[in-house]
There are 2 protein chains.
Amino acid sequence: MSDAPPRSIGAVGTIRQALVEQIGQGLLPPNGKLPAERRLSELFDTTRITLREALSQLEAEGLIYREERRGWFVSPARVRYNPLARTHFHAMVEAQGRSPATEVVHARLVPASGEVCALLALPALSKVIQIRRVRRIDGRQVLYVEHNLNPAYFPGLLELDLTRSLTELYAGQYGIRYGRVRFEITPIALAADAALALRAAAGSPALQITRVNRDQFDRIIDCDLEYWRHDAIQVSVEVPEQSE
Amino acid sequence: MSDAPPRSIGAVGTIRQALVEQIGQGLLPPNGKLPAERRLSELFDTTRITLREALSQLEAEGLIYREERRGWFVSPARVRYNPLARTHFHAMVEAQGRSPATEVVHARLVPASGEVCALLALPALSKVIQIRRVRRIDGRQVLYVEHNLNPAYFPGLLELDLTRSLTELYAGQYGIRYGRVRFEITPIALAADAALALRAAAGSPALQITRVNRDQFDRIIDCDLEYWRHDAIQVSVEVPEQSE
DNA sequence: GAGTGGTCTAGACCACCCA
DNA sequence: GGGTGGTCTAGACCACTCC
């Protein structure tokens with residue numbers, strides 16, 4: 001019902017509200033670290049289990065996040081992301097007044113997984129260029145991506161600087177621009193490898209975005225498997241033109 | 001890294017794997033209820049706290065879900081949902097071999113919230129037709145929606161049968177069809193009212209989808225605030241045609 | 001090396017669901 | 001009314017981070 005029953009909210013609720021209020025007042029700045037769990041549990045006169053329950057709720061709400069074995073931090077504002085737009089990560093992040101960065105985990109030619117073969121419409125056991133990268137916003141690891149490129153269209157790509165935008169490399173080196181896009185969004189939990197790269201706990205809530213990209217000739221050129229920390233992103237889709 | 005270190009996975013991991021395996025083998029059918037927590041904790045020779053930690057992980061992964069004070073259940077397959085498509089809920093669900101249902105929580109004329117005024121491009125303190133509904137798939141409450149309609153376009157709508165598809169009512173009664181759509185997707189936690197309607201715990205992970213719909217004349221006719229149980233949905237966007 | 005988060009134990013009481 | 005899930009207590013040990 002709309003009017004909440006006047007019920008006691010319990011210790012977890014009390015802690016939650018106190019932290020929400022402190023964060024809302026700006027006393028804990030974005031990306032700032034919370035005090036140690038033991039200190040907080042003393043402060044609220046409760047056990048660590050109960051305290052962690054409250055922290056987990058705030059994590060689910062996206063107000064705070066955790067870095068594995070490093071502690072709890074205040075989540076900064078979400079970044080808006082339009083998977084249909086043809087801008088790249090750095091441009092998108094900078095347009096929102098934030099500071100992007102990219103690291104290459106690895107880049108190599110590998111046999112594609114069955115899933116990737118299907119997405120790229122390639123025969124079984126095809127080879128693809130696989131690039132795994134971690135993207136940061138304001139220093140925080142926020143996105144783990146695996147790009148899978150059809151190698152037929154990108155000879156010599158592995159020799160280039162892959163911390164740069166792929167969009168720019170495509171256009172500058174190969175004369176390829178993005179055309180149609182298809183994407184899927186699924187709420188999931190982070191697998192071990194993605195979690196490690198994002199300094200998150202395995203099983204943390206995340207948003208998986210799978211994109212299949214075509215070029216100006218409508219050829220499937222690559223697919224991206226993206227894993228976003230769930231509190232870092234807001235997907236926003238505006239279809240520019242649409243015939244009735 | 002790709003190759004996981006051969007580290008002990010702990011009690012939580014053991015329980016997790018056992019349940020994953022049982023569910024994967026189909027021994028626990030979709031929407032089937034798991035045994036009581038106390039029984040499971042005896043079975044795995046551990047405490048309820050540890051057991052619940054394992055169940056929470058599986059919940060985050062979307063393999064099982066919880067109904068408030070009723071227990072844990074096996075999640076059925078996700079439904080694919082394309083917010084750009086002009087089909088309605090019932091048609092979409094049935095097309096995937098599932099069984100849809102709709103209940104109206106309430107329907108009334110109310111002063112719009114500031115957020116809704118902004119979405120509908122209405123002046124402050126405008127009145128809107130607010131319809132809140134719960135949607136089920138195979139009996140399970142999966143989606144809580146608040147529709148907000150510009151009342152100028154829908155006189156007398158509150159007298160109609162609102163368990164039906166709004167899309168059909170729009171077309172049949174008012175000659176209005178959907179045109180352009182804008183939508184946003186945000187991973188959040190369920191607020192109290194949505195949680196109650198979905199029989200979920202407040203703070204459960206969810207996907208918020210906010211849609212702003214226009215008609216064939218490009219007028220903004222309504223906006224939907226949708227709250228999906230996070231394990232029930234997979235958003236899939238295919239843009240039919242797009243000019244370069 | 002001190003302190004932190006990650007994990008786990010062994011209980012308890014209460015509110016609520018369901019038979 | 002019995003059993004369930006929701007919540008909470010008061011500890012403990014370990015692996016890891018950071019100084």
Side-chain angles (χ1 to χ4, degrees), chain A residues 1 4-19 32-60 64-74 139 141 189-190 192 195-196 198-204, chain B residues 4-19 32-60 64-74 141 189-190 192 195-196 198-204:
Chain A
M1 319 305 139
R7 199 208 309 184
S8 160
I9 57 173
V12 169
T14 308
I15 299 170
R16 201 194 75 85
Q17 286 188 358
L19 289 174
K33 188 175 185 310
L34 297 186
E37 291 181 1
R38 285 174 179 80
R39 219 173 305 273
L40 285 173
S41 59
E42 284 169 26
L43 180 64
F44 290 108
D45 196 32
T46 184
T47 30
R48 266 182 76 207
I49 297 267
T50 301
L51 176 86
R52 280 173 67 90
E53 181 65 27
L55 293 176
S56 296
Q57 284 219 11
L58 291 169
E59 182 188 32
I64 63 176
Y65 64 94
R66 193 184 344 182
E67 289 199 357
E68 181 85 344
R69 295 200 171 274
R70 283 175 30 87
W72 298 85
F73 303 83
V74 177
Q141 292 98 331
L190 286 179
L196 197 67
L198 296 178
R199 290 233 242 189
S204 303
Chain B
R7 199 207 310 181
S8 160
I9 58 172
V12 169
T14 307
I15 299 169
R16 201 195 77 86
Q17 285 189 359
L19 290 173
K33 190 176 184 309
L34 297 188
E37 291 180 1
R38 284 173 180 81
R39 220 172 304 275
L40 285 173
S41 58
E42 283 169 28
L43 179 63
F44 291 109
D45 196 31
T46 184
T47 28
R48 266 182 75 209
I49 296 266
T50 301
L51 177 85
R52 281 173 65 89
E53 180 65 27
L55 294 176
S56 296
Q57 284 220 10
L58 291 169
E59 182 188 32
I64 64 176
Y65 65 95
R66 193 184 344 181
E67 289 200 359
E68 182 84 345
R69 294 198 170 279
R70 282 175 29 85
W72 298 85
F73 304 82
V74 176
Q141 292 97 332
L190 286 179
L196 198 65
L198 295 179
R199 292 233 240 187
S204 302

Polar atom pairs between nucleotides 2-4 of chain C and protein, under 3.5 Å, N or O only, would you list them?
{"residue": "C:dT4", "atom": "OP1", "partner": "A:R39", "partner atom": "NH2", "Å": "2.5"}

Figure out the [atom1]/[atom2] separation between [X] and [N], and round it to whole Å.
X      : N      : atom1 : atom2 : result
A:E68  : D:dC18 : CD    : P     : 12 Å
B:W72  : C:dC17 : CH2   : P     : 17 Å
A:L55  : D:dT7  : CG    : P     : 15 Å
A:Q57  : D:dC8  : CD    : P     : 10 Å
B:R66  : D:dT4  : CZ    : C1'   : 13 Å
A:E67  : C:dG6  : CD    : P     : 11 Å
B:L196 : D:dG6  : CG    : C1'   : 16 Å
A:F73  : C:dG5  : CZ    : C1'   : 11 Å

**Asked** Where along residues 41-51 of chain B does a heavy atom come under 4.0 Å from DNA chain D, residue by residue in number order?
**Response** B:R48, B:I49
**Item:** Qualifying residues under side chain to side chain donor-acceptor pair (under 3.5 Å), relative to B:E67, sequence neighbours excluded
**Value:** B:R70
**Message:** According to side-chain contact (heavy atoms from CB on, under 4.5 Å), who are the partners of A:E37, at least two apart in sequence or on a separate chain?
**Reply:** A:R48, A:L51, A:R52, A:L55, A:W72
**Request:** Using side-chain contact (heavy atoms from CB on, under 4.5 Å) as the criterion, list what pairs up with A:A200, not counting sequence neighbours.
**Result:** A:L190, A:L198, A:S204, A:R229
Anything under 3.5 Å between a donor and an acceptor, one on a side chain of residues 10-19 of chain B, the other on a protein residue two or more places apart or in another chain? List them.
{"residue": "B:T14", "atom": "OG1", "partner": "B:G10", "partner atom": "O", "Å": "2.9"}
{"residue": "B:R16", "atom": "NH1", "partner": "B:E61", "partner atom": "OE1", "Å": "2.8"}
{"residue": "B:R16", "atom": "NH1", "partner": "B:E61", "partner atom": "OE2", "Å": "2.8"}

**Fill in**
In terms of heavy-atom contacts, B:A192 and B:A202 come closest through CA-CB, 4.4 Å
**Prompt:** Would one find a side-chain N or O of B:R52 under 4.0 angstrom from OP1 or OP2 of D:dG5?
**Reply:** no
**Request:** Output the distance between atom OG1 (B:T50) and atom CG (B:D45), rounded to the nearest 0.5 Å.
**Result:** 10.5 Å
**Request:** Return the 5'-most residue of the pair A:A11, A:R199 with respect to DNA chain D, ranking by each residue's nearest nucleotide.
**Result:** A:A11
